[in-house]
Protein chains: 2
Amino acid sequence: MSVSASNVNWNTAGEAMCPYRLVLEHLTSRWGVLVLIELREGSKRFSELRRAIGRVSEKMLTQTLQILERDGFVHRDAKPIIPPRVDYSLTELGREAAEQVAGLAKWTEHRIQNVIHAREQYDKARAEKASS
Amino acid sequence: MSVSASNVNWNTAGEAMCPYRLVLEHLTSRWGVLVLIELREGSKRFSELRRAIGRVSEKMLTQTLQILERDGFVHRDAKPIIPPRVDYSLTELGREAAEQVAGLAKWTEHRIQNVIHAREQYDKARAEKASS
DNA sequence: CGGTATCCAAAAGGATACTG
DNA sequence: CAGTATCCTTTTGGATACCG
(Lines give C-alpha, C1' and ligand atoms only; values in the text may rest on other atoms or scores of the structure.)
Protein backbone atom coordinates (compact mmCIF):
# COMPACT_ATOMS: atom_id res chain seq x y z
CA MET A 1 0.00 0.00 0.00
CA SER A 2 1.49 3.28 -1.10
CA VAL A 3 0.77 6.44 0.79
CA SER A 4 0.93 9.29 -1.64
CA ALA A 5 -0.63 12.71 -1.88
CA SER A 6 -1.23 12.02 -5.54
CA ASN A 7 -3.78 9.32 -4.75
CA VAL A 8 -6.52 11.71 -5.72
CA ASN A 9 -9.89 10.85 -7.12
CA TRP A 10 -12.00 13.93 -7.65
CA ASN A 11 -15.62 13.37 -8.46
CA THR A 12 -17.09 14.28 -11.82
CA ALA A 13 -18.39 17.64 -10.65
CA GLY A 14 -14.96 18.45 -9.28
CA GLU A 15 -16.50 19.75 -6.09
CA ALA A 16 -15.21 17.31 -3.49
CA MET A 17 -12.15 15.19 -2.82
CA CYS A 18 -11.44 11.50 -2.57
CA PRO A 19 -12.76 9.68 0.52
CA TYR A 20 -9.24 9.01 1.72
CA ARG A 21 -8.32 12.67 1.99
CA LEU A 22 -11.71 13.54 3.41
CA VAL A 23 -11.41 11.02 6.24
CA LEU A 24 -7.85 12.12 6.86
CA GLU A 25 -9.11 15.67 7.25
CA HIS A 26 -11.74 14.57 9.71
CA LEU A 27 -9.10 12.82 11.80
CA THR A 28 -6.66 15.72 11.60
CA SER A 29 -9.24 18.47 12.06
CA ARG A 30 -8.62 20.97 14.81
CA TRP A 31 -11.19 19.52 17.22
CA GLY A 32 -11.23 15.97 15.86
CA VAL A 33 -7.66 15.40 17.00
CA LEU A 34 -8.43 16.59 20.52
CA VAL A 35 -11.66 14.63 20.83
CA LEU A 36 -9.98 11.40 19.79
CA ILE A 37 -7.13 11.94 22.23
CA GLU A 38 -9.51 12.78 25.05
CA LEU A 39 -11.72 9.75 24.42
CA ARG A 40 -8.76 7.40 24.62
CA GLU A 41 -9.02 7.76 28.38
CA GLY A 42 -12.51 6.32 28.28
CA SER A 43 -16.15 7.26 27.83
CA LYS A 44 -16.98 10.93 28.41
CA ARG A 45 -20.08 13.06 28.53
CA PHE A 46 -20.60 16.03 26.21
CA SER A 47 -19.92 18.54 28.95
CA GLU A 48 -16.90 16.61 30.18
CA LEU A 49 -15.39 16.73 26.71
CA ARG A 50 -16.12 20.43 26.49
CA ARG A 51 -14.34 21.13 29.76
CA ALA A 52 -11.44 18.79 28.99
CA ILE A 53 -10.72 20.35 25.60
CA GLY A 54 -11.38 23.92 26.63
CA ARG A 55 -12.19 26.83 24.32
CA VAL A 56 -14.38 24.79 22.03
CA SER A 57 -17.87 26.05 21.29
CA GLU A 58 -20.90 23.78 21.64
CA LYS A 59 -21.45 24.10 17.94
CA MET A 60 -18.00 22.90 16.94
CA LEU A 61 -17.94 20.07 19.45
CA THR A 62 -21.36 18.87 18.29
CA GLN A 63 -20.32 19.09 14.67
CA THR A 64 -17.04 17.29 15.28
CA LEU A 65 -18.71 14.50 17.25
CA GLN A 66 -21.33 14.00 14.54
CA ILE A 67 -18.70 13.70 11.84
CA LEU A 68 -16.63 11.26 13.88
CA GLU A 69 -19.75 9.27 14.72
CA ARG A 70 -20.78 9.06 11.08
CA ASP A 71 -17.30 7.90 10.09
CA GLY A 72 -17.62 5.11 12.66
CA PHE A 73 -14.93 6.36 15.04
CA VAL A 74 -17.16 7.43 17.91
CA HIS A 75 -20.10 5.74 19.60
CA ARG A 76 -22.90 7.94 20.93
CA ASP A 77 -24.98 6.69 23.83
CA ALA A 78 -27.93 8.98 24.58
CA LYS A 79 -29.80 8.01 27.71
CA PRO A 80 -33.53 8.80 27.49
CA ILE A 81 -33.69 10.60 30.81
CA ILE A 82 -34.38 14.08 32.10
CA PRO A 83 -32.07 15.86 32.22
CA PRO A 84 -30.47 14.25 29.17
CA ARG A 85 -27.20 12.39 29.50
CA VAL A 86 -25.09 11.51 26.48
CA ASP A 87 -21.89 9.50 26.67
CA TYR A 88 -19.32 9.33 23.92
CA SER A 89 -16.74 6.62 23.49
CA LEU A 90 -14.39 5.26 20.85
CA THR A 91 -15.41 2.35 18.66
CA GLU A 92 -12.80 -0.26 17.87
CA LEU A 93 -12.12 1.55 14.58
CA GLY A 94 -11.90 4.81 16.50
CA ARG A 95 -9.47 3.33 18.98
CA GLU A 96 -7.13 2.37 16.15
CA ALA A 97 -7.39 5.83 14.62
CA ALA A 98 -6.86 7.47 18.00
CA GLU A 99 -3.67 5.47 18.50
CA GLN A 100 -2.24 6.95 15.32
CA VAL A 101 -3.33 10.46 16.19
CA ALA A 102 -2.01 10.12 19.74
CA GLY A 103 1.30 8.91 18.36
CA LEU A 104 1.63 12.11 16.40
CA ALA A 105 0.52 14.22 19.37
CA LYS A 106 2.95 12.49 21.68
CA TRP A 107 5.80 12.97 19.26
CA THR A 108 4.94 16.66 18.92
CA GLU A 109 4.87 17.15 22.67
CA HIS A 110 8.20 15.36 22.94
CA ARG A 111 9.88 17.43 20.24
CA ILE A 112 8.32 20.79 20.98
CA GLN A 113 11.60 22.26 22.22
CA ASN A 114 13.31 21.36 18.97
CA VAL A 115 10.60 23.23 17.09
CA ILE A 116 10.84 26.29 19.30
CA HIS A 117 14.60 26.33 18.83
CA ALA A 118 14.27 25.93 15.07
CA ARG A 119 11.94 28.92 14.97
CA GLU A 120 14.38 31.10 16.86
CA GLN A 121 17.11 30.23 14.39
CA TYR A 122 14.80 30.93 11.48
CA ASP A 123 13.62 34.28 12.83
CA LYS A 124 17.14 35.32 13.75
CA ALA A 125 18.45 34.49 10.28
CA ARG A 126 15.70 36.52 8.65
CA ALA A 127 16.20 39.47 10.98
CA GLU A 128 19.89 39.60 10.04
CA LYS A 129 19.03 39.51 6.36
CA ALA A 130 16.53 42.33 6.74
CA SER A 131 19.11 44.64 8.31
CA SER A 132 21.62 44.19 5.51
CA MET B 1 4.65 12.02 29.12
CA SER B 2 0.89 12.48 29.15
CA VAL B 3 -0.94 13.35 25.99
CA SER B 4 -4.04 15.25 26.91
CA ALA B 5 -6.17 17.86 25.24
CA SER B 6 -6.26 19.71 28.55
CA ASN B 7 -2.56 20.55 28.30
CA VAL B 8 -3.53 24.05 27.39
CA ASN B 9 -1.57 27.18 28.11
CA TRP B 10 -3.29 30.24 26.69
CA ASN B 11 -1.30 33.42 26.67
CA THR B 12 -2.36 36.42 28.74
CA ALA B 13 -4.12 38.13 25.88
CA GLY B 14 -6.06 34.95 25.20
CA GLU B 15 -5.41 35.32 21.52
CA ALA B 16 -3.29 32.27 20.73
CA MET B 17 -2.84 28.70 21.91
CA CYS B 18 -0.05 26.72 23.49
CA PRO B 19 2.92 25.86 21.23
CA TYR B 20 2.09 22.19 21.40
CA ARG B 21 -1.34 22.59 19.84
CA LEU B 22 -0.04 25.11 17.34
CA VAL B 23 2.65 22.78 16.05
CA LEU B 24 0.16 19.93 15.97
CA GLU B 25 -2.08 22.07 13.79
CA HIS B 26 0.77 22.82 11.43
CA LEU B 27 1.48 19.10 11.08
CA THR B 28 -2.17 18.18 10.66
CA SER B 29 -3.08 21.10 8.41
CA ARG B 30 -4.74 20.30 5.13
CA TRP B 31 -1.67 20.90 3.00
CA GLY B 32 0.95 20.26 5.66
CA VAL B 33 -0.02 16.59 5.86
CA LEU B 34 0.28 16.17 2.11
CA VAL B 35 3.58 18.03 1.82
CA LEU B 36 5.18 15.92 4.54
CA ILE B 37 3.97 12.69 2.95
CA GLU B 38 5.16 13.77 -0.46
CA LEU B 39 8.62 14.81 0.77
CA ARG B 40 9.17 11.42 2.39
CA GLU B 41 9.98 10.17 -1.08
CA GLY B 42 12.85 12.60 -1.31
CA SER B 43 13.71 16.16 -2.28
CA LYS B 44 11.24 17.90 -4.56
CA ARG B 45 11.01 21.18 -6.38
CA PHE B 46 8.18 23.64 -5.81
CA SER B 47 6.47 22.79 -9.06
CA GLU B 48 6.93 19.06 -8.50
CA LEU B 49 5.18 19.33 -5.15
CA ARG B 50 2.40 21.35 -6.73
CA ARG B 51 1.80 18.73 -9.38
CA ALA B 52 2.12 15.82 -6.96
CA ILE B 53 -0.40 17.21 -4.52
CA GLY B 54 -2.77 18.62 -7.10
CA ARG B 55 -5.42 21.26 -6.56
CA VAL B 56 -3.26 23.35 -4.27
CA SER B 57 -2.82 27.01 -5.09
CA GLU B 58 0.63 28.57 -5.23
CA LYS B 59 -0.29 30.74 -2.32
CA MET B 60 -1.22 27.88 -0.01
CA LEU B 61 1.76 25.76 -0.98
CA THR B 62 4.13 28.66 -0.39
CA GLN B 63 2.51 29.44 2.95
CA THR B 64 2.56 25.81 4.06
CA LEU B 65 6.21 25.36 3.10
CA GLN B 66 7.20 28.53 4.95
CA ILE B 67 5.45 27.39 8.12
CA LEU B 68 7.01 23.94 7.94
CA GLU B 69 10.41 25.47 7.25
CA ARG B 70 10.14 27.80 10.21
CA ASP B 71 9.13 24.92 12.48
CA GLY B 72 12.26 23.10 11.37
CA PHE B 73 10.55 20.29 9.47
CA VAL B 74 11.49 21.29 5.96
CA HIS B 75 14.78 22.43 4.44
CA ARG B 76 14.68 24.95 1.62
CA ASP B 77 17.49 25.00 -0.90
CA ALA B 78 17.22 27.94 -3.31
CA LYS B 79 19.75 27.81 -6.12
CA PRO B 80 20.85 31.28 -7.27
CA ILE B 81 20.29 30.60 -10.95
CA ILE B 82 18.06 31.85 -13.71
CA PRO B 83 15.45 30.51 -13.98
CA PRO B 84 15.24 29.91 -10.20
CA ARG B 85 15.28 26.41 -8.84
CA VAL B 86 14.20 25.66 -5.28
CA ASP B 87 14.37 22.21 -3.75
CA TYR B 88 12.53 21.20 -0.61
CA SER B 89 13.43 18.26 1.60
CA LEU B 90 12.72 16.96 5.08
CA THR B 91 15.07 17.72 7.94
CA GLU B 92 15.76 14.96 10.44
CA LEU B 93 13.06 16.45 12.67
CA GLY B 94 10.74 16.60 9.69
CA ARG B 95 11.43 13.00 8.83
CA GLU B 96 10.36 11.92 12.30
CA ALA B 97 7.20 14.02 12.08
CA ALA B 98 6.46 12.72 8.60
CA GLU B 99 6.71 9.15 9.86
CA GLN B 100 3.94 9.82 12.36
CA VAL B 101 1.78 11.59 9.82
CA ALA B 102 2.36 8.87 7.25
CA GLY B 103 1.37 6.27 9.82
CA LEU B 104 -1.96 7.95 10.23
CA ALA B 105 -2.40 8.36 6.50
CA LYS B 106 -1.52 4.75 5.86
CA TRP B 107 -3.96 3.56 8.50
CA THR B 108 -6.70 5.74 6.98
CA GLU B 109 -6.07 4.38 3.52
CA HIS B 110 -6.14 0.85 4.90
CA ARG B 111 -9.40 1.31 6.80
CA ILE B 112 -11.22 3.48 4.30
CA GLN B 113 -13.72 0.75 3.47
CA ASN B 114 -14.66 0.40 7.12
CA VAL B 115 -15.40 4.10 7.23
CA ILE B 116 -17.46 4.04 4.06
CA HIS B 117 -19.45 1.14 5.43
CA ALA B 118 -19.96 2.86 8.77
CA ARG B 119 -21.33 5.90 6.97
CA GLU B 120 -23.81 3.84 5.02
CA GLN B 121 -25.08 2.30 8.25
CA TYR B 122 -25.31 5.72 9.85
CA ASP B 123 -27.16 7.29 6.93
CA LYS B 124 -29.51 4.34 6.61
CA ALA B 125 -30.38 4.45 10.30
CA ARG B 126 -31.14 8.15 10.11
CA ALA B 127 -33.21 7.77 6.94
CA GLU B 128 -35.37 5.17 8.66
CA LYS B 129 -35.85 7.42 11.64
CA ALA B 130 -36.85 10.33 9.43
CA SER B 131 -39.62 8.32 7.76
CA SER B 132 -41.25 7.26 11.01
C1' DC C 1 -28.14 18.76 29.87
C1' DG C 2 -27.35 18.41 25.29
C1' DG C 3 -28.31 19.89 21.78
C1' DT C 4 -30.39 22.96 17.18
C1' DA C 5 -30.96 27.29 14.48
C1' DT C 6 -29.47 31.63 13.16
C1' DC C 7 -26.56 35.32 12.50
C1' DC C 8 -22.25 37.44 12.12
C1' DA C 9 -17.00 37.98 12.33
C1' DA C 10 -12.71 35.99 11.21
C1' DA C 11 -9.80 33.09 8.80
C1' DA C 12 -8.72 30.11 5.03
C1' DG C 13 -8.23 29.73 0.48
C1' DG C 14 -8.45 30.65 -4.72
C1' DA C 15 -7.67 33.73 -9.03
C1' DT C 16 -5.17 36.96 -11.08
C1' DA C 17 -1.49 40.03 -12.07
C1' DC C 18 3.11 41.06 -11.42
C1' DT C 19 8.43 40.38 -10.39
C1' DG C 20 13.46 38.87 -10.01
C1' DC D 1 10.48 29.01 -12.07
C1' DA D 2 9.24 30.38 -7.84
C1' DG D 3 7.50 33.19 -5.77
C1' DT D 4 4.79 38.07 -3.86
C1' DA D 5 0.76 41.18 -3.68
C1' DT D 6 -3.90 42.02 -4.09
C1' DC D 7 -8.59 41.15 -4.30
C1' DC D 8 -12.39 38.42 -3.65
C1' DT D 9 -15.16 34.18 -2.31
C1' DT D 10 -15.85 30.34 0.68
C1' DT D 11 -15.44 28.15 4.86
C1' DT D 12 -14.83 28.06 9.69
C1' DG D 13 -16.03 29.18 14.02
C1' DG D 14 -18.06 31.87 17.86
C1' DA D 15 -22.25 34.15 20.22
C1' DT D 16 -26.74 34.06 21.12
C1' DA D 17 -31.31 32.42 21.60
C1' DC D 18 -34.23 28.70 21.86
C1' DC D 19 -35.99 23.65 22.49
C1' DG D 20 -37.02 18.69 24.26
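No hydrogens, no waters, no symmetry mates; every other heavy atom, side chains included, goes into these values. Protein chains get the first letters and strands the later ones, always in sequence-line order, with residue 1 at the start of each.
- Between A:V56 and A:P83, the residue whose closest nucleotide on DNA chain D is further toward the 5' end is A:V56.
- Distance CG (A:D87) to C1' (C:dG2): 12 Å, rounded to an integer number of Å.
- Residue A:S47 has a polar side-chain atom (N or O) positioned under 4.0 Å from OP1 or OP2 of C:dG2.
- A:Y88 and A:R76 are linked by a side-chain donor-acceptor pair at a separation below 3.5 angstrom, with hydrogens and angles left out of the test.
- Across the protein-nucleic acid pair, B:K79 atom NZ and D:dG3 atom P stand 12 Å apart, rounded to whole Å.
- If you take NZ of B:K44 and C1' of D:dC1, they are 18 Å apart, rounded to a whole angstrom.
- For B:D77 and D:dG3, the CG to C1' distance is 16 Å, given to the nearest whole Å.
- For C:dG2, one of the phosphate oxygens OP1 or OP2 lies less than 4.0 angstrom from a side-chain nitrogen or oxygen of A:R45.
- For B:P84, whose side chain is taken as the heavy atoms from C-beta onward, the closest listed nucleotide among D:dG14, D:dC1, C:dA15 is D:dC1.
- Using a 4.0 Å heavy-atom cutoff across all strands shown, B:R50 reaches no nucleic acid atom at all.
- Going from atom CD1 of B:I53 over to atom C1' of C:dG13 covers 15 Å, rounded to whole Å.
- In this structure, of D:dA2, D:dG13, C:dG3, it is D:dA2 that holds the atom nearest to the side chain of B:F46.
- Among C:dG14, D:dG3, C:dG2, the nucleotide with an atom closest to any side-chain atom of B:V86 is D:dG3.
- Here B:R55 does not reach the OP1 or OP2 of C:dA15: none of its side-chain N or O atoms lies under 4.0 Å away.
- Rounding to whole angstrom units, CE of residue B:M60 and C1' of C:dA11 are separated by 10 Å.
- One finds a side-chain N or O of A:Q66 lying less than 4.0 angstrom from the OP1 or OP2 phosphate oxygen of C:dT4.
- Here the nucleotide nearest the side chain of B:W31, chosen from D:dG3, C:dC7, C:dG13, is C:dG13.
- Rounding to the nearest 0.5 angstrom, the gap separating the CZ atom in A:F73 from the CZ atom in B:R111 is 10.5 Å.
- Counting only heavy atoms from C-beta outward, the side chains of A:D87 and A:F46 never approach each other to under 4.5 Å.
- You'll find that the side chain of B:T62 is closest to D:dT4, out of C:dC1, C:dG14, D:dT4.
- When each of C:dG2, D:dG13, C:dG14 is scored by its nearest atom to the side-chain atoms of A:K59, the top-ranked nucleotide is D:dG13.
- Ion pairing between a basic and an acidic side chain is recognised when a charged N comes within 4.0 Å of a carboxylate O; A:E92 and A:R95 show such pairing.
- In this structure, A:D77 does not pair ionically with A:R85, as no charged nitrogen and carboxylate oxygen lie closer than 4.0 Å.
- Listed candidates were D:dA17, D:dA2, C:dG13. Nearest to the side chain of A:E58 is D:dA17.
- Among the protein residues, A:E48 comes within range of no part of the nucleic acid, since none of its heavy atoms lies under 4.0 Å from any strand.
- Between A:Y88 and C:dG3 there is a side-chain N or O to OP1 or OP2 distance below 4.0 Å.
- Side chain of B:R76, nearest nucleotide from D:dG3, D:dC1, C:dA15: D:dG3.
- Look at CG on B:L61: it is 14 Å from C1' on D:dT4, rounded to the nearest Å.
- Side-chain atoms of A:E48 come within 3.5 Å of backbone N or O of A:R45 as a donor-acceptor pair.
- Spacing between atom CG of A:L22 and atom C1' of D:dT11 amounts to 14 Å, rounded to whole angstrom units.
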